[in-house]
K.L.:
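The structure under discussion is supplied below as structure tokens; questions concerning it will follow.
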Amino acid sequence: GGYDTTGRLAMKVLDSAGIFKGGTVFTNKPGAGGTLGMGEFVRNNVGDPNALMTMGVILVGSQIVTKGSQPFTEVTPIARLTFEFSGIAVPTSSPIKTVKDLQDALKANIGAVPFGGGSAGGVDHIVAGLIAKGSGVEPARLNYIPFASGAEAMTQLAGGKLAVMIQGASEMKQMHDAGRVRLIAVTSGERLAGINVPTLKESGVDVVMGNWRGIVGSKDMPAAAAKTWVERFEKMSKTPEWSAELQKQGLQNAFLGGAEFGKFLASENARIKPILTEMGLV
């Protein structure tokens, strides 16, 4: 998944750029939008100067909606690394050709417009809820179907079993260019290079949102170790190797380190919680 890819990519560049060559062991723990992995990470690595976990906006949403999950105050903010905007797509045979068409369909019968995307409470679900809200219908009535696999959701969309799908714009572009789905909008503030479709904002839905990913450290990580890791990732974010890898993946550099990343986490929590509450998930 995206967290695994982000972690491996970052550690690969740290190594190739000569910033950190100490070697890395990766552990994957799926489930509950990342909250199971976060709980295990917090419990098993208290004070470890070299324990890191990849995470992102999906985990912020999952942490809000999953009872008993560890709060972000239990980890050490290290670095926000990447950012990716989402695409909104429909089957090529769909009568929905614009965002206005989608809004009209939602107003006519919101239950008859099944959305597909990632985990409940994740960025795809939040975007769907904000589209519903911007269309004047109750987000809690949204017919949203979470999928564990983007490939599975894409198959359902291409087969016409989903009316709308929300996923990373770079992944959607490949399917759009191949004629398998029709992209109708992206969630960026301005049109994305190489993807000639309007933004939600210019289509009348005032929503700008993306899927960011980053790194946190262990609970009670020593201050000196946290400072060292922040400096390593900051240095990495400025390397040509990192820029080249992000371009290949269709991602944007979004570095934010240490305390600033911590403030960002708090602001994301405050921004996301109200819409999840309106959607009936909190």
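The structure displayed is predicted, hence computed values, not measured ones. Position 1 is the first residue of the sequence; numbering continues from there.
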K.L.:
Consider only side-chain heavy atoms of I, L, V, M, F, W and Y, link residues closer than 4.5 Å, and tell whether L251 and V186 are in one cluster.
P.N.:
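They do not share one cluster, since no chain of ILVMFWY contacts under 4.5 Å joins L251 to V186.
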
K.L.:
Do R8 and F26 meet the cation-pi criteria used here (NZ or CZ under 6.0 Å from the six-membered ring centre, within 45° of the axis)?
P.N.:
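Geometry flag: set, cation within 6.0 Å and 45°.
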
K.L.:
First locate atom NZ of K238, then atom CD1 of I19, and finally report the distance between them rounded to the nearest 0.5 Å.
P.N.:
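It is 10.5 Å, given to the nearest 0.5 Å.
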
K.L.:
Given side chains that start at C-beta, do those of I131 and V207 come closer than 4.5 Å, heavy atoms only?
P.N.:
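Contact flag for I131/V207 side chains = no.
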
K.L.:
Please report the interatomic distance CZ(F115) to CG(L142), rounded to the nearest 0.5 Å.
P.N.:
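Those atoms lie 5.5 Å apart.
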
K.L.:
Just so I know, are the side chains of F83 and N211 near enough to count as touching, which here means a heavy-atom distance under 4.5 Å?
P.N.:
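Side chain of F83 against side chain of N211, heavy atoms only: no contact under 4.5 Å found.
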
K.L.:
So, using side chain to side chain contact (heavy atoms under 4.5 Å, CB included) as the criterion, who are the partners of A10 when residues are at least two apart?
P.N.:
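Per chain and number, A10 pairs via side chain to side chain contact (heavy atoms under 4.5 Å, CB included) with L81, F233, M236, W242.
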
K.L.:
Hey, does M154 have a side-chain heavy atom less than 4.5 Å from the side chain of V181?
P.N.:
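Counting from C-beta outward, V181 and M154 do come under 4.5 Å.
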
K.L.:
Specify the closest pair of heavy atoms between V113 and A163, including all atoms of both residues, with the distance to one decimal.
P.N.:
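So the two residues come closest at CG1-CB, 3.9 Å.
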
K.L.:
Specify whether F261 and F264 have parallel, tilted or perpendicular ring planes, treating 30° as the upper limit for parallel and 60° as the lower limit for perpendicular.
P.N.:
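Correct class here is parallel.
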
K.L.:
More than 12 heavy atoms of other residues, nucleotides or ligands under 6.0 Å from NZ of K161: yes or no?
P.N.:
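At most 12 heavy atoms, drawn from other residues, nucleotides or ligands, come within 6.0 Å of this atom.
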
K.L.:
Atom CD of residue position E202 - does it have more than 12 heavy atoms of other residues, nucleotides or ligands inside 6.0 Å?
P.N.:
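Result for CD/E202: enclosed.
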
K.L.:
In the single-linkage hydrophobic clustering (I, L, V, M, F, W, Y; side-chain heavy atoms under 4.5 Å), do I126 and I166 co-cluster?
P.N.:
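The answer is yes; both residues are in one hydrophobic cluster.
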
K.L.:
Measure from the side-chain N and O atoms of R80 to the backbone N and O of L256, and report whether any donor-acceptor pair falls under 3.5 Å.
P.N.:
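No, because the side chain of R80 does not come within donor-acceptor range (under 3.5 Å) of the backbone of L256.
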
K.L.:
Take F72 and M55 through the test side chain to side chain contact (heavy atoms under 4.5 Å, CB included) and record every step on the way to the result.
P.N.:
CA-CA 11 Å; F72 282 105; M55 50 77 67; 3.4 Å; yes

K.L.:
Nearest 0.5 Å, what's the OG1-CD distance between T82 and E245?
P.N.:
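Answer for the OG1-CD pair, T82 versus E245, is 12.5 Å.
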
K.L.:
Looking at Y3, is R213 sitting on its ring face, NZ or CZ under 6.0 Å from the six-membered ring centre and within 45 degrees of the normal?
P.N.:
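Not flagged: R213 not positioned over aromatic ring of Y3.
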
K.L.:
About how many Å separate CG of D4 and OG1 of T27, when rounded to the nearest 0.5 Å?
P.N.:
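If we round to the nearest 0.5 Å, T27:OG1 and D4:CG are 10.5 Å apart.
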
K.L.:
Would a distance-only check, ignoring hydrogens and angles, find a side-chain to backbone donor-acceptor pair under 3.5 Å from S135 to V137?
P.N.:
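Absent.
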
K.L.:
Is there a side-chain contact between S170 and Q249 in this structure, where contact means two heavy atoms from C-beta onward sitting under 4.5 Å apart?
P.N.:
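Result no, sub-4.5 Å side-chain heavy-atom pair not found.
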
K.L.:
Main chain of F255, side chain of S237: is a donor-acceptor contact present, judged purely on distance under 3.5 Å?
P.N.:
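It does not hold such a pair.
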
K.L.:
In terms of hydrophobic clusters joined by side-chain contacts under 4.5 Å, are W212 and V75 together?
P.N.:
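Yes, because W212 and V75 connect within a single hydrophobic cluster, where side-chain heavy atoms sit under 4.5 Å apart.
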
K.L.:
For N196, what residues pass the side-chain hydrogen bond (donor to acceptor under 3.5 Å, both in side chains) criterion, not counting sequence neighbours?
P.N.:
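Partners of N196 by the side-chain hydrogen bond (donor to acceptor under 3.5 Å, both in side chains) criterion, ordered by chain and then number, come out as R191.
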
K.L.:
So which heavy atom on P146 is nearest to which on A120, and how close?
P.N.:
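Smallest interatomic distance, heavy atoms only, reads CB-N, 3.8 Å.
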
K.L.:
Using modelled atom types and a 3.5 Å cut-off, is there a donor and acceptor pairing between side-chain atoms of R182 and backbone atoms of A89?
P.N.:
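Checking the backbone N and O of A89 against the side chain of R182, no donor-acceptor pair under 3.5 Å is found.
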
K.L.:
Looking at D15 and M11, would you say the former's side chain and the latter's main chain have a donor-acceptor pair under 3.5 Å?
P.N.:
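No, the answer is negative, given that no donor and acceptor are paired below the 3.5 Å cut-off.
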
K.L.:
Could you list the residues that satisfy side-chain hydrogen bond (donor to acceptor under 3.5 Å, both in side chains) with D206, not counting sequence neighbours?
P.N.:
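D206 satisfies side-chain hydrogen bond (donor to acceptor under 3.5 Å, both in side chains) with no residue once adjacent residues are dropped.
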
K.L.:
Would the distance check show the side chain of K219 and the main-chain N or O of V42 forming a donor-acceptor pair, the cut-off being under 3.5 Å?
P.N.:
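Flag not set: sc K219 to bb V42 has no pair under 3.5 Å.
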
K.L.:
Hey, could you give me each pair passing side-chain hydrogen bond (donor to acceptor under 3.5 Å, both in side chains) that has a residue in residues 41-70? Not counting sequence neighbours.
P.N.:
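Non-adjacent pairs meeting side-chain hydrogen bond (donor to acceptor under 3.5 Å, both in side chains): N50-W229.
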
K.L.:
Under the side-chain hydrogen bond (donor to acceptor under 3.5 Å, both in side chains) test, which residues partner E231, sequence neighbours left out?
P.N.:
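Per chain and number, E231 pairs via side-chain hydrogen bond (donor to acceptor under 3.5 Å, both in side chains) with K227.
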
K.L.:
Among all residues two or more places apart in sequence or in another chain, which pass the side-chain hydrogen bond (donor to acceptor under 3.5 Å, both in side chains) test with E278?
P.N.:
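For E278 the side-chain hydrogen bond (donor to acceptor under 3.5 Å, both in side chains) partners, ignoring immediate neighbours, are K133.
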
K.L.:
So do the side chains of L130 and V205 get within less than 4.5 Å of each other, counting heavy atoms only?
P.N.:
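No, their side chains stay 4.5 Å or more apart.
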
K.L.:
Under 4.5 Å between any side-chain heavy atoms of I58 and H125, yes or no?
P.N.:
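No. Closest side-chain heavy atoms not under 4.5 Å.
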
K.L.:
Within this structure, what is the CG-CD1 distance for the pair N143 and I145, rounded to the nearest 0.5 Å?
P.N.:
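If I round to the nearest 0.5 Å, the distance is 5.0 Å.
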
K.L.:
Please examine the side chains of V57 and I272, heavy atoms only from C-beta on, and report whether any two atoms are closer than 4.5 Å.
P.N.:
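The answer is yes, as the side chains (C-beta and beyond) meet within the 4.5 Å cut-off.
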
K.L.:
Report whether V208 and L183 are members of the same hydrophobic cluster (ILVMFWY, side-chain heavy atoms less than 4.5 Å apart, transitive linking).
P.N.:
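Cluster IDs for V208 and L183 match.
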
K.L.:
Enter the distance from I88:CD1 to I184:CD1 here, rounded to the nearest 0.5 Å.
P.N.:
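Answer rounded to 0.5 Å: 6.5 Å.
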
K.L.:
Closer than 4.0 angstrom, basic N to acidic O: yes or no for E260 and K263?
P.N.:
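Judged by the 4.0 Å cut-off on N to carboxylate O distance, E260 and K263 do form a salt bridge.
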
K.L.:
Within the structure provided, determine whether K29 and F41 are in side-chain contact (heavy-atom separation under 4.5 Å).
P.N.:
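With C-beta onward as the side chain, the pair stays apart.
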
K.L.:
For the hydrophobic clusters of this structure (ILVMFWY residues joined by side-chain heavy atoms under 4.5 Å, transitively), does one cluster hold both L52 and V46?
P.N.:
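No, it is not one cluster - the side chains of L52 and V46 are not joined through contacts under 4.5 Å.
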
